[in-house]
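Taking it in order: structure first as structure tokens, then the write-up.
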Amino acid sequence: GAANEAAREDAGFREHLAGLRAELNDGLLALLMARRDEIGHPQPQTAAKFVLDMLGSLISTRLDELLLPTYLANRPDAEFVDEALTAAAAYLEVHSE
């Protein structure tokens, strides 16, 4: 997208985007770790970090569908979100008490 193009050209902007991404990931990781008792994966923190990277990659790919076509590109966003969250929950081995 446009932000990626700008980041390639401007080191300051690239650093700014990386900082925002790190802040977002740190906050999401904290939310997941606050519920670590619901994560059945034997290494909850590692699994949560993997899931955050996986979801970030899925979203980036979906946003760049011209260069990276996917099987779900023509599906509604709600369906994409449902599938992505189902995959994340399965990997984390989420269970509710």
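Along the sequence shown, residues carry numbers from 1.
In this structure, L58 and F80 have side chains that are in contact, with non-hydrogen atoms separated by less than 4.5 Å.
The list of side-chain hydrogen bond (donor to acceptor under 3.5 Å, both in side chains) pairs with a residue in residues 18-36, not counting sequence neighbours, reads R35-E38. Applying the salt bridge (Lys or Arg N to Asp or Glu O under 4.0 Å) test to every pair with at least one member in residues 74-91, sequence neighbours left out, gives these pairs: R62-D77, R75-E79. Note on residues 19-40: no pairs pass ring-ring contact (aromatic ring centres under 6.0 Å, His included), not counting sequence neighbours.
Of all non-hydrogen atoms in M33 and P44, the two that sit nearest each other are CE-O, 3.6 Å. Counting all heavy atoms, side chain and backbone alike, L92 lies closest to I39 at O-CG2, 3.2 Å. Listed here is the closest heavy atom pair of P42 and E93: CD-OE2, 4.4 Å. Across every non-hydrogen atom of D37 and H95, the tightest pair is O-NE2, 3.4 Å. Nearest heavy atom pair, residue L52 against residue L29, reads CD1-N, 3.7 Å.
Here the CG atom belonging to L20 is positioned 12.0 Å from the CD atom belonging to E15, to the nearest 0.5 angstrom.
With sequence neighbours excluded, the residues forming a ring-ring contact (aromatic ring centres under 6.0 Å, His included) with H41 are Y91, listed by chain and number. Residues forming a side chain to side chain contact (heavy atoms under 4.5 Å, CB included) with L85 (at least two apart in sequence, or on another chain): V81. Partners of L24 by side chain to side chain contact (heavy atoms under 4.5 Å, CB included), not counting sequence neighbours, listed by chain and number: L28. In this structure, the side chain to side chain contact (heavy atoms under 4.5 Å, CB included) partners of A73, at least two apart in sequence or on a different chain, are E65, T70. A search for side-chain hydrogen bond (donor to acceptor under 3.5 Å, both in side chains) contacts involving N74 returns nothing, not counting sequence neighbours.
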